[in-house]
Every structure is written in C-alpha cells, then in structure tokens.
Amino acid sequence: MIQAVKVSLEVLNDRLDPYDHLEEILDKINRWEPKVNAYAYVENMGKLKEDLGRQLKRKGRLSGVIVAVKDNISTSWMPTTAASRMLSGYIPPYNATVIEKLLYEGAVIIGKTNMDEFAMGSTSENTPYGPVHNPWCLDCTAGGSSGGSGAVLAYGGADLALGSDTGGSVRLPAAYTGTVALKPTYGTVSRYGLIPYANSLEQISPMARTVKDLALLYNTIKGDDPRDSTTLGVEQEYPIDRVDPGKTRIAVIRELMDGVDEGILKIFWNTISLLESHGFTIDMVSIKSLRYSLPAYYVIAMAEASSNLARYDGVIHGNRVKECRGYWDCAAKARGEYFGVEVKTRILMGAYVLMEGYSREYYVKATKLRRLIRDSLAKLFKDYQAIISPVSPILPPKLGEKLEDPVKMYTMDVMTVTANLAGIPALVQPAGIISGFPIGIQWMGPVFSESRLFGLASIVEDEVGVITPLQ
Amino acid sequence: MARKVTIGLEIHVQITGAKTKLFCNCPVDYRDKPPNTNVCPVCMGFPGALPVVNRKAIELAVTASKSLNCEIPEWLIFTRKHYFYPDLPKNYQITQYKTVAGAPVCLGGRLDYIDPKDWSIHSVGLDRINIEEDPGKAVYEKGGIIGSRVVLVDYNRSGVGLLEIVTRPELHDARQARIAVENLLLTLWYLGITDPRLPGAFRVDANISVEGGGGRVELKNIGSLIEVERGLRYEILRQTKIVDAGGKIARETRHWDTVKGVSKATRSKEEETDYMYFPDPDLPPLRVTRSMLVKAEAALEFTPLKLWSDMNRYGIDKGLAWSIIRELDLAKTFRTALSIYRNPHLIAWMLGNVVKGLRDKKGLEYVPPAVDIAYLAELLDRNIVHREMVKFVILPKAMETKESVKRIMEYEGKLPRGDALEKAVEKVLIEESKAVNDLLRGRKQAFNYLIGRVMRKLDGKGDPREIAEILRRKLNGLI
Ligand SMILES: [Zn+2]
C-alpha cells in the first residue's frame with residue numbers, strides 16, 4: 001500500500017487516482033471490519049467522495065490522504081462519543097485544533113475509531129461498540145485505549161490515524177498491531193477538542209505504518225495553540241534526523257526490563273545487537289524512582305479523570321434518563337446508567353485520592369514522585385541521548401482475559417507511563433515478529449527530541465522492514 | 001441584652017472591567033441578553049474545550065490586591081473546586097485555594113474604610129482574595145432545588161470573573177459591615193475592576209456569631225448595600241433573642257429573604273462538603289510579572305482614600321468631599337477639573353453641592369465636562385458670574401440640556417456672543433494700532449494690554465482665553 005507521504009505528490013502527478021485510493025481503503029474496511037470492529041463510525045461513501053473532491057483542491061501535504069480519528073477527538077460533523085453511552089449521539093459544536101490542521105492540509109477524515117471508554121483501558125474492550133479484535137490474531141486484543149486506530153492501520157483501513165496517549169494508549173496498540181506511534185513531548189500538540197481523561201498526562205498522538213508517515217502526521221498536528229494554555233509556544237519542524245551512532249549513547253533501564261515475556265526479550269536483544277553493529281553504545285542503567293511510575297501514574301490519572309468526568313450529569317453534557325426526580329437523582333441515575341464499570345471504578349478511586357485527609361497521602365505524594373521521576377530522567381539524558389525498552393511485558397492477551405483482573409491490566413502500562421509522567425516523547429515501532437505476533441520496541445528521549453527518535457526508528461525500520469498492512 | 005457580635009464577610013465582586021469572561025472571549029456584559037446566548041464551548045464546559053486566562057482580569061485582580069495591601073505570590077495557581085450543581089457546567093468551579101499546592105492572588109491584606117458618621121478611618125483584616133468563575137443562574141420552579149421538578153438554567157453569566165474577598169471576623173455591627181462593603185466597592189470601582197451599579201455585580205455572604213451563642217451562622221444571598229445592613233441586623237437580633245432566652249445557636253447556613261426580610265435555614269444541618277481541591281491541569285501556574293505590578297501601582301494614584309486625604313489637605317468640608325468621593329463620575333470630574341484650574345474649593349462646591357444636589361433632587365445624571373467646571377471656577381474667581389447664577393441657572397441648564405457652559409452663558413447674556421467678541425477685537429485692533437505695532441516688534445506685554453482693552457469693551461464679560469485666541473487669529477499668526 002502506498003505511503004501517506006507519497007499520496008499527495010502521486011495524485012498531483014496523476015500517478016495515483018485519489019478516488020481509487022479511497023475505494024481501496026473502503027474495500028479493506030468492508031472486508032476486515034466485520035472481524036476486527038476497529039471503527040466506531042465510518043462516514044458514508046457519498047460524503048467521503050464529496051470531502052475528497054473538496055480536500056484535493058486544497059493541494060496540501062495531506063491532499064488525498066485518508067485519516068482515521070480516535071472517537072475522543074472532537075469533529076463537528078461526525079459523532080464523538082469517546083466510546084461511552086454517556087455521549088452516544090453527541091456531535092460537538094466545534095472541531096479539535098488537530099482536526100482543523102488536518103483539514104487545512106487536505107486530509108479526508110474517514111471515520112472515528114473504537115477505543116476504551118473515555119480512553120480508560122489497555123485493551124479496547126471497555127466499549128459499547130464491542131471489543132476491537134487484533135487483525136494479527138482475531139481473538140486477541142489490539143491493545144488500548146487507541147486499539148481501533150492501531151487495528152485500522154494494521155489492515156489498511158486508513159493511511160494515517162490519530163490516537164491519544166495518556167499512559168501508553170497509542171504505544172501499546174502500535175506494539176500489538178505492528179504499527180508505529182509517537183507520544184509527543186507534552187505541550188507540542190494542542191489538546192483543544194480532546195475529550196479529557198487525564199489532562200496533565202495526555203497528548204493527541206500520531207499513528208502510522210512507517211516512520212516517515214509518522215513524522216508527516218506529527219509535523220501536521222504539532223504547534224502552539226492559543227486555545228490550549230498547556231501548549232509550549234514552540235514553533236519548529238521535526239524532520240527525521242540522521243543519527244550519528246558514534247555520538248549517540250543509548251540507555252537500557254533495568255527497571256523497565258522486569259518480568260518481560262521471553263519472546264519479547266528475544267526481539268529486544270536482537271534489536272540491541274543490531275544497533276551495536278551500527279556502532280551505537282548501549283549501557284544498562286538503573287533508575288530506582290521508576291519503580292513508582294505505575295502507582296504515581298494511576299493516582300494522578302484517576303484524580304484528573306474523576307474531575308473531568310464530573311460534568312456528565314445529563315444537564316448540558318451527557319445523556320439523561322427518563323425516570324428520575326430532581327437534579328441529584330437525575331444526575332446520579334444518568335451516571336449510574338451510562339458510565340461503564342471501568343469508568344466508574346476510576347471516578348471513585350480518583351475521588352478517593354482527592355478527598356480531604358487522603359489527598360496528601362495520595363495525590364500530593366504522587367505529584368512529588370512525578371517530579372522525582374522527571375528529574376531523574378533529565379539527569380540521565382545528560383549522559384544518554386535515548387532510552388530503549390520493550391513496550392509491554394506480555395504478548396497481546398486474549399480478549400476477555402485481562403478484563404477479569406484489572407490490576408493485571410494496569411501492569412500492562414508499566415513501561416509506557418513513565419514518558420507521560422515526565423512529559424517526554426516516546427516512539428514505538430515494530431522490531432520483529434514472534435509466533436505470528438508483531439513485537440514492538442519503545443524509544444524515549446528528552447523533551448523535543450522527536451527528530452532524533454524518528455532517526456533512530458528509521459535505522460531499525462530499514463533493517464526490519466514495514467510489516468503492515470496485513471494481506 | 002447587648003452581646004458582642006462577630007462578623008466576617010465573603011464578598012463576591014464581578015470583574016466587569018475585564019470586558020470578557022475569565023477563561024473565554026464571551027463578553028462580561030450578559031445583562032438583558034436572551035438566556036443562553038452569551039456562551040461558547042469554554043464557558044459551557046464542553047468536553048475538550050479548554051480555559052485560557054484573561055490577562056486583563058488578572059491585571060485587575062493584582063491591582064485590587066495591591067490596593068488592599070495584600071501579599072501577592074509570584075505564581076498564581078488555579079484550583080478546581082468540585083460540587084454538583086446544575087448551574088455549574090463542569091460541576092467544578094475554577095477558583096484558587098490556599099492549600100493542596102494552590103496559590104490565591106492575595107493572602108492577608110487590609111481594607112481601610114471611612115466611616116461617614118464621624119469621618120474616622122477603620123481597618124478590617126482580609127484573609128485572602130480568590131480569582132474564580134461565576135456559575136450560571138438557576139431558576140427553580142418552587143424557589144429552591146429541593147422539591148422543584150423543573151429547573152431552568154441560564155449560562156450567560158457562567159465564567160464571568162469574580163473576586164472572592166474574604167475578611168477576617170473583625171467586624172462587630174451591621175452598620176459597620178455595610179460601610180466596609182461600600183468602601184470596598186468604591187475602591188474597586190475607582191480602579192476600573194467592577195461597576196457596582198450593575199445589578200448582580202456583587203453578592204455578600206456573612207458569617208455571624210453572637211457571644212454566648214456557640215455556633216456561627218452563614219447568611220447567604222445578600223445582593224445590595226442596604227440588604228447587608230438589614231440582613232445582618234435581623235440575624236443579630238434573631239440570634240440575640242435565642243441566646244437571651246437561654247438557647248444555643250446551631251452552626252448552619254441561612255438564606256436571606258429580601259422580600260420577607262427574614263433569614264431562613266437552608267438545610268437543617270450544615271453538610272461538610274468535600275470539594276476535592278486540586279490544581280487545574282489545564283492552567284499552568286501564571287507568573288505575576290513586574291509589569292503587572294507596575295501597572296497596578298500606577299492605578300493606585302486614584303483611589304477614594306487618596307482623594308479623601310487630598311481633599312482634606314485642601315481643607316474641603318468633609319461632608320462635601322464625601323458626597324463627591326461616593327460617586328465615581330463626580331470624583332473623576334473633580335480630579336480633571338482641578339488639573340485645569342486650581343481652585344479645589346470652588347470645584348468641590350460645584351460638584352459636591354450643586355451637581356450632586358441636582359442629581360439627588362431632580363435625578364439629573366449628566367455631569368458637565370471637567371473643562372466646563374474648571375471654566376466656571378475661573379469665571380467665579382474673576383467675578384464674571386456669581387455663585388447664585390452658577391447654582392440656580394447655569395449648572396441646572398447644563399445638566400438638563402447637556403449644552404456647554406459657554407453656550408449657556410451666552411444665552412444668559414453673561415458672555416458676549418461669538419460675533420460680539422469678534423467685533424470688539426476688530427475695533428480694538430483699529431483703535432490700538434500703537435500697541436499692535438509694539439506687539440509685532442516683540443513686546444509681549446502688548447498682548448495682555450490688548451486683551452484688557454477688549455475685556456473693557458465687553459464690560460468685563462469676555463473670556464480672556466477666547467479673546468486671546470481671536471486676537472492671534474486676526475493677527476494671522478504674526479505673533
Ligand atoms: Zn464563553
């Protein structure tokens with residue numbers, strides 16, 4: 001399948017018929033969706049052709065490119081439900097900033113991808129649309145919470161996809177579906193229009209099949225936004241760096257290597273050898289504070305979630321129940337009825353860690369740990385230019401398996417949450433295949449080091465090759 | 001029996017001077033707009049819409065804090081305060097809070113206020129000032145949230161910036177509390193922070209306890225200065241009666257019913273709400289910059305207390321001074337007029353006695369411009385007009401017709417009309433050719449001599465500045 005970076009040029013030079021390209025993608029959707037269930041909503045053919053015609057005229061760098069968007073990113077003409085029954089039927093009155101940027105560059109938004117409700121989950125099973133199946137293994141999870149976006153890319157149901165990453169939500173799906181994803185430096189991509197789960201941790205994140213496509217999408221959506229006070233006011237491009245192995249020291253963190261599946265380890269060490277053969281220096285180092293990443297992450301994420309989700313009471317936001325009396329009864333019943341179990345669990349835990357008398361023990365302590373983690377990584381990056389690690393300790397679980405044990409599900413995020421706590425960029429790419437499963441590796445670097453991560457990932461990609469879309 | 005009363009106030013003041021709401025671009029002027037037309041995704045709390053701080057509102061809050069002698073932190077931190085209520089679109093309010101890593105715009109501080117009874121100056125300590133957003137306005141079918149099947153909410157007000165000013169419990173009677181609030185509002189009005197005349201621009205909650213009563217009562221929903229005194233008087237009397245009869249006061253929240261003039265318990269027991277405070281992750285800490293502080297400092301040049309001490313220094317009668325200070329437009333006119341013509345007594349008399357009197361008696365709101373007031377002061381000084389003329393003819397006409405004082409003087413025959421002036425000047429130029437020649441040769445004194453001649457021709461009625469202007473014009477800029 002053609003790379004997204006080539007689409008607009010090929011269309012311009014009459015070497016690619018954009019309508020054929022659209023139909024090829026729709027064919028794949030028709031073929032795969034009944035099995036995979038990665039889309040929550042697909043725009044109808046007539047509207048898509050109309051959009052394509054209009055977007056081709058823009059002659060932007062994404063003209064003719066078909067993009068799938070996670071269902072928690074606001075689109076003013078398509079439903080945006082964050083996979084929650086609370087928001088079923090909701091069409092936002094405005095576009096997210098990233099959507100405006102995509103449209104400006106000529107992209108066609110094909111539909112909204114399935115996900116864990118309000119991005120809470122690591123398997124894309126907490127969803128009223130039914131679980132996302134992994135195209136590589138149909139009874140396995142595709143990871144989460146942006147599992148739909150990963151799966152769509154894996155089977156060729158879009159050229160590019162947007163996800164959101166709060167604690168690994170694009171990286172776990174990328175690892176499980178053999179695609180690439182970047183959790184950008186916090187504050188480089190506007191969150192305006194992203195239905196919030198945990199504001200201080202999450203970023204809208206690009207997903208693709210190749211590093212070049214990933215860089216293209218990231219460079220399209222990044223940038224300062226006066227509507228988001230947490231964007232950093234940095235205006236720069238992030239091209240793919242040519243990395244000099246002689247000047248690049250890479251760290252392997254001992255704390256991120258615990259309890260990793262043997263197959264995953266095998267691919268990981270193969271990648272290390274490969275990098276060493278390129279001349280990179282790779283050391284094993286220890287950062288003790290990373291042991292606290294997971295609890296610190298969950299305390300902060302749940303505190304923010306419980307606050308963000310307070311607005312859904314059926315008055316302005318969220319659906320209403322028919323039978324209720326008075327404001328509090330109606331609000332309670334709506335929340336009882338329309339939130340899923342995982343969401344309710346996190347709201348309650350979040351309220352708990354913020355309660356007077358507890359917040360010092362939990363929330364405040366977690367923010368202190370977060371600072372500690374951020375500082376120790378900053379220190380590490382004085383000596384090392386990047387960190388390499390596995391993405392998940394385990395292969396994609398079977399559907400249903402992880403739902404039984406929430407704590408097990410939370411530990412799937414152990415390697416990814418650190419980047420969110422520290423606000424640093426993290427890139428995941430496939431590094432090989434073991435017994436039919438793609439295996440991902442993760443790169444992390446200091447803030448604003450996206451170009452370097454693209455460069456490092458390109459070296460691995462040149463050796464391993466691009467493994468999606470699946471035939 | 002007289003018992004010691006302790007009162008602390010919580011005054012919410014809308015930052016109407018900020019022009020737009022605290023975190024979005026909707027105007028603060030929501031009054032008279034159809035319900036829910038002054039809103040956007042941000043102030044309606046739509047999922048994914050994000051707050052962006054209104055710099056002007058922050059500058060004004062810093063100015064308020066400076067004027068109230070506060071300690072202002074280097075970094076301001078906004079906090080989410082959670083409670084479920086239909087008028088709160090996000091079910092949390094963005095505010096500021098002392099603990100859990102919060103930092104309000106003002107800690108400590110002191111409000112100095114003038115008591116017009118004896119012109120003494122008092123102080124009440126401040127606990128803090130928070131910057132926060134106003135909720136929407138809920139209208140209940142049955143007057144209250146409990147028991148009403150239907151609630152109508154208008155979010156036009158939602159997101160308007162508020163200053164929540166919390167005093168220490170250092171006030172001891174109802175009148176004093178009212179005067180403190182009046183002085184506070186006056187200061188904020190002078191500083192361009194709020195317009196207290198707008199309906200709903202401020203609300204007061206009061207904590208009241210009576211010696212021997214035990215608990216303190218929070219009295220809510222006081223919307224005007226008169227109600228501050230009325231409500232507090234009622235509540236003090238109510239508590240005193242209970243304590244005198246041997247009863248105890250339960251800690252509770254009561255609602256001030258303006259119409260019936262009574263306070264009513266809202267809940268039988270005060271519920272301890274847990275607001276789950278934590279810093280708003282959508283709003284990074286905001287630095288109080290040097291330029292904000294410099295701007296604030298500059299604004300403090302014009303405050304009621306400053307004007308009060310100036311007027312005292314000029315020896316202006318205190319009652320007269322206060323009647324000017326209480327009304328911002330009179331105070332501003334006083335300041336400007338004084339900068340044009342330096343006779344504070346005449347200017348104060350015109351504004352505080354004549355203009356204020358006409359405003360109170362006849363409801364005339366218009367204030368003649370400062371240049372006209374200064375001009376009249378000069379004419380009074382030169383005995384071209386006398387006080388009775390100003391008080392009973394010129395100023396009433398000026399306020400009724402909004403005509404310039406000069407035009408009114410012309411109509412009243414107190415000033416020659418424009419053509420008469422011109423003619424007098426022409427005549428003098430012909431008669432006084434020697435003086436004209438002297439002038440052209442550079443003898444500056446000749447100019448004043450010519451003006452004097454024209455004045456004499458007009459029986460002293462002319463305006464010397466205007467005559468000078470005509471002279472210059474006639475001499476074609478030769479001088
Ligand atoms: Zn607004």
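Basis for what follows: all heavy atoms, side chains included, without hydrogens, waters or symmetry-related copies. By convention in this document, chain letters (A, B, ...) are assigned in the order of the sequence lines, proteins followed by strands, and residues within each chain are numbered from 1.
Residue contact with chain A, scored on non-hydrogen atoms closer than 4.5 Å, involves the side chain of B:Tyr155 exclusively. Proximity to chain B (any heavy atom under 4.5 Å) is shown, for A:Ile195, by both the backbone and the side chain. Interface remark: A:Tyr94 contributes side-chain atoms only to the contact with chain B (heavy atom separation under 4.5 Å). Of the two parts of A:Tyr358, neither the backbone nor the side chain holds a non-hydrogen atom closer than 4.5 Å to a non-hydrogen atom of chain B. Interface remark: B:Val52 contributes backbone and side-chain atoms alike to the contact with chain A (heavy atom separation under 4.5 Å). For chain A, the nearby part of B:Tyr92 is the side chain; its heavy atoms alone come within less than 4.5 Å. Within the 4.5 angstrom heavy-atom criterion, only side-chain atoms of B:Val42, from C-beta onward, approach chain A. When heavy atoms are compared at a cutoff of 4.5 Å, A:Pro226 approaches chain B solely by way of its backbone atoms N, CA, C and O. Heavy atoms of A:Asn308 lying under 4.5 Å from chain B belong to its backbone as well as its side chain.
When the candidates A:Ser190, A:Ser307, A:Ala198 are compared by the number of heavy-atom contacts under 4.5 Å with chain B, A:Ser307 comes out ahead. Contact count against chain B (heavy-atom pairs under 4.5 Å) is highest for A:Pro93 among A:Ser74, A:Pro93, A:Pro92, A:Ala82. Interface check for chain B: of the options A:Leu87, A:Val315, A:Thr230, the most heavy-atom pairs under 4.5 Å are formed by A:Thr230.
Distance alone, capped at 3.5 Å, is enough to place a donor-acceptor pair between the A:Trp328 side chain and the B:Phe84 backbone. Checked by atom type and distance alone, the side chain of A:Arg311 pairs as donor or acceptor with a backbone atom of B:Gly45 at under 3.5 Å. Looking only at distances, a side-chain donor or acceptor of A:Ser229 sits under 3.5 Å from a matching main-chain atom of B:Pro51. The main-chain N or O of A:Ala310 is never found under 3.5 Å from a side-chain atom of B:His82 such that the two would form a donor-acceptor pair.
For the residue pair A:Glu304 and B:Arg80, the shortest heavy atom distance occurs at O-NH1, 4.4 Å. Closest approach of A:Pro196 and B:Pro47 over heavy atoms only: CD-C, 4.3 Å.
Put simply, the side chain of B:Tyr277 does not reach to within 4.5 Å of the side chain of A:Ser359, judged on heavy atoms. Using a 4.5 Å heavy-atom cutoff, the side chains of A:Arg227 and B:Leu50 are not in contact.
Residues passing the side chain to side chain donor-acceptor pair (under 3.5 Å) test with A:Thr75, sequence neighbours excluded: A:Thr80, A:Lys112.
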Criterion side chain to side chain contact (heavy atoms under 4.5 Å, CB included) on A:Tyr327 and B:Asp87, from CA distance to verdict: CA-CA 11 Å; A:Tyr327 169 68; B:Asp87 60 8; over 6 Å; no
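Applying the 6.0 Å contact sphere to NZ of B:Lys33 captures more than 12 heavy atoms from other residues, nucleotides or ligands. Other residues, nucleotides and ligands contribute more than 12 heavy atoms inside 6.0 Å of the CZ atom of B:Arg31. Remark: A:Lys344 NZ is packed, more than 12 non-hydrogen atoms of other residues, nucleotides or ligands lying under 6.0 Å away.
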Distance-only criterion, 3.5 Å: show the donor-acceptor pairs between side-chain atoms of residues 347-356 of chain A and protein atoms not counting sequence neighbours.
none

